[in-house]
Amino acid sequence: MANKTTSEKLATLQKGYTLEGATIELGAAIIDGELHKDAPVRLPLSMMNRHGLVAGATGTGKTVTLHMMAEQLSTAGVPVFLADIKGDLSGLATAATGSEKLTARTEGIGQAWQGRTFPVEFLALGGDGNGVPVRATVSSFGPILLSRIMELNDTQESSLQLVFYFADKNGLELIDLKDLRAVIQFLTSAEGKDQLEELGGLSKATAGVILRELVSLEAQGLEKFFGEPEFDTAELLRTAPDGRGVITCLELPTLQTKPMLFSTFLMWLLADLFEDLPEAGDLDKPKLVFFLDEAHLLFNDASKAFLEAITTTVRLIRSKGVGIFFVTQTPKDVPAEVLGQLANRVQHALRAFTPEDAKALKATVSTFPMSDYDLEETLTSAGIGEAVITVMNEKGAPTPVALTRLRAPESVMGPSDEALVRSTVAGSALLTKYGTAVDNHSAFEKLSGKAAAPTGPAAGGSVPREPVQGGADQDDVDAEARRIEEEILGRPSSRPAPSAETRRRTPAENAPAPRPGAGDSMVGDIGGMLGGALGGGLKSMARSIGTQLGRELLRGVFGTSSRRRRR
């Protein structure tokens, strides 16, 4: 192929980024070493829910890029969630001051720059920082995410799910860590011996491991992250009185000491939104955009169940109007199953100082469409505030790859004054709602004070679990398993098609006959059958599926329990 002239390359980019709807302006293209402000690079607002990746070496400007994108999303009326790891993003609440250097940069890319402030809400995990405290109940957090924090292995994670199942079935509310500890201690006591045997998969040795990990969490001060009042993730969807989207900054001052908690808590926020938001289809603009900084923390040493749950959430939450942007150093930090769903790419410079760096560079280049750039050279020579970009256009096709000089933020690129942050938090309507922790009557009080007997079928003695037999019952289980895989998890089913006899039966005849006195004890039976259908990574989660099988998972893809069902 003959080399294109500069004017031909310019025409390609101008055509590729000519878009009709509302856009996020990213910057201006650099072609053959020259900046062309007549070749703006932009991202369709309607495609922001197709997710994205902001990657690059340390110090290349990733945080400034998400800062700049957050400003424009807010201006367009889209709420934004940011994890403020270094404390720099609080500057969104303070207008930036111009300078000669800034003016030269913004004029060079055709940006009409003006310093301004944005509506910001400051949050802090459990009050660990200046923001409004964010808490979650242990029950809503769920066994998979909690196992992730405690770094349990697959067997221990499966056992923890059985503990959650027991608590759910017996009306033992798991609000904080002492509630969970009380339930496990009860199951390993003489009084709870029968219930422990009924669970089958929970050994005393495994229970001991989980108890020790809970003590470790408490020793690290993590117990304050679990409790009430629980944060309602609908708060992330608010707009300011002037119509701009509220930018929620989650302050993470102790990230280096609790990286697992940070990444897992962010997935809880997403999982809770996933459970509660209705299907929205394609929208002119997203309902919310998440920026998950230090995304590699999500995937390091993650269990198969956790990775499958992330992949499922990323794939399905798009249709609910939520966009997710992963921010990390290289695309290799993100599993291929997730990376394949990230349509919008902003790749800052990479370094190739070591053989491993060179390997990562080649892998990154291979993920881009064919372009007029020598991407290996471009990615190692790009300056701070420059990035190689390709996004999804309004027709769902990738735009041409463009080396881009990025726009400058209009608020302070750094922390706001601490007094301003404190005054913003003090004036927040959320502070009165979430500021003071409460300790309601829950599993700990019920088991230690015997104030309330467990409820549900197991309260008056556990019901023997009977295996699901073949024939009609097996067909019913296969049908529901197939429906869950295809309609909820969005993948082809491995279960057999219904038999000719089942298809001839009426709906009433197809309904499984209740077993007298069994009540919800069939949960274990159906969950066991579904284990094979959903795959090894989700097998233990299937035990939590109850008699509403075919309508909803008792717990979501992360084993979480949505607020709608908790009330």
Side-chain angles (χ1 to χ4, degrees), residues 16-27 40-55 62-83 89 92 118-119 233 236-240 243-249 266 269-270 273-274 277-293 295 310 313-328 331 334 338-348 387-402 404 406-407 409:
Y17 288 94
T18 298
L19 305 168
E20 296 180 357
T23 62
I24 298 297
E25 299 294 327
L26 298 176
V41 178
R42 43 176 69 105
L43 194 168
L45 196 58
S46 61
M47 291 292 117
M48 290 288 283
N49 68 333
R50 262 56 174 191
H51 311 318
L53 177 72
V54 179
K62 298 189 299 295
T63 301
V64 176
T65 295
L66 65 91
H67 186 137
M68 172 266 293
M69 293 173 70
E71 289 182 345
Q72 293 187 68
L73 286 164
S74 175
T75 300
V78 178
V80 179
F81 176 89
L82 301 170
L89 296 173
L92 284 156
F118 294 85
T233 50
L236 303 179
L237 303 173
R238 295 178 300 137
T239 55
R244 291 183 296 171
V246 171
I247 301 173
T248 301
C249 287
L266 294 186
L269 291 175
L270 270 180
L273 281 168
F274 176 79
L277 286 175
E279 291 291 320
D282 292 327
L283 304 172
D284 291 336
K285 61 183 180 181
K287 294 180 180 179
L288 173 69
V289 175
F290 254 72
F291 288 92
L292 302 185
D293 207 352
I310 291 178
T313 301
V314 171
R315 182 174 69 247
L316 299 182
I317 204 169
R318 177 192 68 77
S319 64
K320 300 192 175 189
V322 177
I324 307 171
F325 278 70
F326 294 88
V327 184
T328 190
V334 182
V338 176
L339 188 63
Q341 300 178 54
L342 310 183
N344 303 305
R345 301 283 300 279
V346 179
Q347 178 66 59
H348 287 264
V388 173
I389 292 175
T390 180
V391 300
M392 184 175 286
N393 66 22
E394 294 161 321
K395 296 180 180 179
T399 58
V401 175
T404 306
L406 299 167
R407 287 169 59 96

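Note that these values count all heavy atoms, side chains included, but never hydrogens, waters or copies made by symmetry.
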Visitor: Check Tyr17 against Ile389 and note the closest heavy-atom contact, atom names and distance.
Guide: OH-O, 3.3 Å

Visitor: To the closest 0.5 Å, what do you measure between CG (Leu273) and CZ (Phe290)?
Guide: 5.5 Å

Visitor: Do Met69 and Val289 have side-chain heavy atoms sitting under 4.5 Å apart?
Guide: no

Visitor: Taking atom CZ of Arg42 and atom OG1 of Thr18, what is their separation to the nearest 0.5 Å?
Guide: 7.0 Å

Visitor: Show the nearest heavy-atom pair for residues Thr239 and Pro79, with the distance to one decimal.
Guide: CG2-CG, 4.4 Å

Visitor: Side chains of Leu406 and His348: closer than 4.5 Å at any heavy-atom pair?
Guide: yes

Visitor: Give the minimum heavy-atom separation between Met68 and Leu26, together with the two atoms involved.
Guide: CE-O, 3.8 Å

Visitor: Counting only N and O atoms by type, is there a donor-acceptor contact under 3.5 Å from the side chain of Thr404 to the main-chain atoms of Ala402?
Guide: yes

Visitor: Below 4.5 Å, heavy atoms only, C-beta onward: do Leu292 and Leu270 meet side chain to side chain?
Guide: yes

Visitor: For Val80, which of Val246, Leu288, Leu73 qualifies under side-chain contact (heavy atoms from CB on, under 4.5 Å)?
Guide: Leu73

Visitor: Return the CG to OG1 distance between Leu19 and Thr399, rounded to the nearest 0.5 Å.
Guide: 8.0 Å

Visitor: So, do Pro409 and Val64 sit near enough that their side-chain heavy atoms are less than 4.5 Å apart?
Guide: yes

Visitor: For Ala280 and Gly321, work out which heavy atoms get closest and say how close.
Guide: CB-N, 4.3 Å

Visitor: Considering only heavy atoms from C-beta outward, does the side chain of Val346 approach that of Phe325 to under 4.5 Å?
Guide: no

Visitor: For a 4.5 angstrom cut-off between non-hydrogen side-chain atoms, does Asn393 reach Met47?
Guide: no

Visitor: Taking atom CG of Leu339 and atom OG1 of Thr328, what is their separation to the nearest 0.5 Å?
Guide: 11.0 Å

Visitor: Hey, does Pro44 have a side-chain heavy atom less than 4.5 Å from the side chain of Val391?
Guide: yes

Visitor: Please answer whether the main-chain N or O of Glu25 pairs with a side-chain N or O of Gln72 as donor and acceptor at a distance below 3.5 Å.
Guide: yes

Visitor: Heavy-atom distance under 4.5 Å between the side chains of His51 and Ile317, does that happen here?
Guide: yes

Visitor: Please check this pair: side chain of Lys285 against backbone of Val78, looking for a donor-acceptor N/O pair closer than 3.5 Å.
Guide: no

Visitor: Can you name the nearest heavy-atom pair linking Arg244 to Thr75, along with the distance?
Guide: CG-CA, 4.1 Å

Visitor: Could you tell me whether a side-chain N or O of Ser74 sits under 3.5 Å from a main-chain N or O of Glu71, the two making a donor and an acceptor?
Guide: no

Visitor: Could you measure the distance from the CE atom of Met392 to the CG atom of Leu43? Nearest 0.5 Å is fine.
Guide: 10.0 Å

Visitor: For Gln341 and Arg315, work out which heavy atoms get closest and say how close.
Guide: OE1-CA, 2.8 Å

